Amino acid sequence: MRSIDLASRSGAALKRAIQAKQLPSRVACASARSFSSTSSNNTGVLPPRYETLYNKYSEVRRVLGSQRLTLAEKILYSHLDNVEESLLSNTNGGRDIRGKANLKLKPDRVNMQDASAQMALLQFMTCNLPQPVIPASIHCDHLIVGSKGADEDLKAGIATNNEVFDFLESAGKKYGIDFWPPGAGIIHQTVLENYAVPGLMMLGTDSHSPNAGGLTTITIGVGGADAVEALVGAPWELKAPKILGVRLTGKLNDWVSAKDVILHLTGRLTVRGGTGYIVEYFGPGLENFSLPAMATACNMGAEIGATTSIFPFTEASSRYLKATNREQADKDAKNFENFTKGTGQDSFFKFKADEGAQYDELIEIDLSKLEPHINGPFTPDLSIPLSEFKKTVQEQKWPEKLSAGLIGSCTNSSYEDMTRCESIVKAAEQAGIKPAADFYITPGSEGIRATLERDNTLQTFEKAGGIVLSNACGPCIGQWKRQDNIPKGTPNAILTSYNRNFRGRNDGNLETMNFLASPEIVTAMAYAGSTTFNPITDSLTTPDGKEFKFPAPKGLEGPETPFEAGREVFQVQSGSPNPNVEVAISPSSERLALLEPFEPFPDSDLSGLRVLVKVTGKCTTDTISAAGPWLKYKGHLPNISENTLNTAVNAATGEVNVAYDLDGSKHTIPDLAKQWKQRNQPWLVVAEHNYGEGSAREHAALQPRYLGARIIVTKSFARIHETNLKKQGVVPLTFANEQDYDLIDAGDEVATVGLYEMLKNGGQGEVSLRVTKKDTGKVVEIKTKHAVSKDQAGFILAGSALNLLAKGN
Ligand code: SF4
């Protein structure tokens with residue numbers, strides 16, 4: 001198939017290309033379920049997607065000869081639009097692909113959660129196409145507040161967000177996109193249960209999309225603009241990741257789980273250690289891993305900044321496919337592994353690395369020596385072994401009272417997780433002990449909820465006083481109305497089995513310390529109500545004065561009979577596109593607004609920019625575009641822009657959300673940005689390391705762009721955010737010399753040197769900043785680095801990637 005050059009194609013040509021292949025595409029992959037619905041055998045017939053995968057794989061083998069490949073490489077490269085072009089350009093004849101090649105990929109499907117789907121769909125709508133060329137799904141999970149329990153919360157959530165859900169549902173119907181209604185489940189759990197099958201490549205508009213790597217897929221978290229590229233059939237570009245191998249040996253001890261593997265790894269690698277890598281797990285230690293355990297490890301790979309994570313196809317994967325009523329998918333995957341059109345070992349596609357495949361980095365973990373870990377507060381890479389946690393709490397003077405324990409979420413709500421917790425709750429119940437801290441349970445999907453209800457697990461939690469929240473993100477994304485009414489600003493500790501713990505993420509209180517742990521550790525510590533309790537060594541006292549020690553948790557990998565589908569009202573709405581459906585957006589809406597295109601880059605370098613704010617410390621996507629109450633404005637760019645950088649720390653003064661105008665007047669950061677927008681004063685932000693880490697939140701790029709940002713200059717960027725900036729026409733630059741951060745301050749005037757030429761040359765060339773100091777008028781020149789590719793130069797020149805996609809439609 002001919003490659004489509006995103007930077008140079010015209011929109012009309014793209015539209016024609018899409019229309020020409022629309023029907024075959026939809027027939028070939030109408031949904032991931034049908035991906036596996038046709039049986040295959042080793043006599044020459046494969047389901048359509050495996051046939052495509054096999055053919056691409058054969059090309060990869062032809063191009064790379066006898067090169068040994070990791071599992072991630074096999075799946076990733078077998079999704080290239082043009083195998084030869086991607087693997088042989090700038091790669092020393094295919095020998096140095098990793099970190100060098102620009103891969104132009106054709107993903108199999110796109111999954112979108114409700115908060116990010118709004119902007120993705122608004123962008124897709126501006127392309128004026130009748131339907132996406134690949135299957136896609138929308139999951140209503142981020143907008144439901146967790147408070148009193150599933151039924152009440154869901155009703156309230158639907159009442160508050162009806163307008164958005166109506167918009168998403170109508171867009172789903174119009175464009176033939178699967179729609180999972182509120183209460184159906186959290187995107188990653190739903191994808192794992194329904195869409196993930198070995199060998200797929202998926203994009204998800206959420207940073208924890210790699211969860212599906214547990215089922216041997218390559219699934220990458222992206223912003224809405226990337227999703228739109230895939231939806232319209234344009235190749236999606238990725239710098240070929242390096243591969244970090246994690247070899248697991250030994251066997252997990254009683255109190256230890258897969259969550260502890262990733263908590264430990266996050267501590268070793270830090271939030272930046274996985275940047276530019278795919279994490280590939282292998283080794284004899286996998287033998288005892290359930291499928292959801294593998295998904296948990298992949299899910300939290302986002303916390304080390306990894307592109308994605310992946311596990312091989314194991315017996316546990318096979319059992320999971322059967323338990324989720326996908327026997328055919330299991331048979332197809334096995335038959336595919338035995339299928340060949342050629343001769344020799346390499347003519348078979350095996351869902352594991354080739355013998356002798358090389359990893360760029362290799363980490364060995366002996367599971368037998370691993371102990372439970374607790375990570376936090378405020379960053380997921382502050383990893384503390386359980387045995388040292390009490391001492392650390394006391395040394396750091398963190399709160400010893402545990403206010404709440406929260407289990408579940410997309411990270412840890414498997415049958416195994418929940419039944420292990422159930423065993424702890426039952427033991428405590430028998431001893432007459434109730435949780436001393438508030439105890440919340442979030443099932444990941446209606447399927448898992450209904451199955452846990454059928455098997456009496458949820459009733460056990462409720463009997464103990466646990467609050468079962470709706471099948472939605474809730475407290476994990478700031479949608480948490482706490483029952484204990486702890487005032488904002490009060491330091492307090494909570495333990496969660498979630499994946500992320502930046503300040504303010506759970507309840508909007510910047511002083512809530514969220515410590516991440518496995519669900520079984522969270523549950524046991526919730527009974528103690530103490531952060532210094534070690535359930536492995538310490539005891540509680542029963543009401544009749546006896547000493548009680550928790551037995552080691554025990555659970556079942558999966559239910560003895562397959563998963564329940566759950567209630568009808570939470571099932572997927574799926575169908576062919578209906579052009580007669582009108583997408584529901586009220587012109588007076590405060591939640592949804594059609595998009596206006598950004599202006600193109602001028603025909604010259606930029607000049608007269610001013611530094612709006614110089615930020616110090618962590619600047620995550622939460623800092624740039626806060627979640628919680630702001631999630632409701634995700635579809636309304638002007639309204640959500642009111643939160644831009646509102647938790648950023650001013651480097652000059654240490655104040656949060658404070659910026660100073662050129663006349664010295666004091667403002668909030670978004671207020672000053674708005675004023676500068678009105679005055680046509682373009683601006684830039686200066687920041688430190690890993691700018692934009694955290695959720696794949698394209699609003700963190702869209703909002704500054706909407707308010708007038710042209711450049712962000714930092715010591716380093718988080719990968720997804722850097723890409724998102726370029727897609728929205730903002731230029732991300734890094735200091736060539738890190739210490740030059742000290743040479744530039746808020747209010748300084750900035751002109752670019754070489755930027756326009758670099759963009760016109762398709763990303764080739766150097767860029768520096770000419771900085772005129774606000775206070776002295778002195779001029780300093782600061783050298784910068786950039787990672788702008790040819791396609792991305794095209795986006796920036798056009799004003800945004802979307803401008804390029806929409807041109808001519
Ligand atoms: Fe939802 Fe939290 Fe999972 Fe994100 S990490 S999808 S917010 S449950």
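Counting from 1, the numbers follow the sequence of the chain as shown. Because the structure is a prediction, the values reported are computed rather than measured. Numbering of ligands and ligand atoms starts at 1, following listing order.
With a cut-off of 2.8 Å, atom 1 (Fe) of ligand 1 has an N, O or S atom of C473 in range. Among the atoms of H188, no N, O or S atom falls under 2.8 Å of atom 3 (Fe) of ligand 1. Within the 2.8 Å limit, H142 places no N, O or S atom next to atom 2 (Fe) of ligand 1.
Aromatic ring orientation, Y527 versus F439: tilted (interplanar angle from 30° to 60°). Classification of the F389-W398 ring pair by plane angle, with boundaries at 30° and 60°, yields tilted.
Annotation: side chain of I486 is in contact with side chain of S403 (closest heavy-atom distance under 4.5 Å). Counting heavy atoms from C-beta on, the side chains of Y633 and H699 never come closer than 4.5 Å.
At the top of the distance list for atom 5 (S) of ligand 1, counting protein heavy atoms only, stands N499 ND2, 3.2 Å. Here the heavy atom of the protein found nearest to atom 2 (Fe) of ligand 1 is C476 SG, 2.3 Å.
Proximity to I477 (heavy-atom distance under 4.0 Å) selects the following atoms of ligand 1: 7 (S). Heavy-atom contacts of H208 reach the following atoms of ligand 1: 5 (S) (cutoff under 4.0 Å). Taking a cut-off of under 4.0 Å to the non-hydrogen atoms of R505, the atoms of ligand 1 that pass are 2 (Fe), 5 (S), 7 (S). Heavy-atom proximity to C410, at under 4.0 Å, picks out these atoms of ligand 1: 3 (Fe), 5 (S), 6 (S), 8 (S).
A salt bridge does not link K727 to E698: none of the charged side-chain nitrogens sits closer than 4.0 Å to a carboxylate oxygen.
Atom CG of N111 sits about 5.0 Å away from atom NE2 of H139, to the nearest 0.5 Å.
Q479 does not count as a contact of ligand 1, since none of its heavy atoms falls under 4.0 Å from the ligand.
Between the side chain of T308 and the backbone N or O of T219, at least one donor-acceptor pair lies under 3.5 Å.
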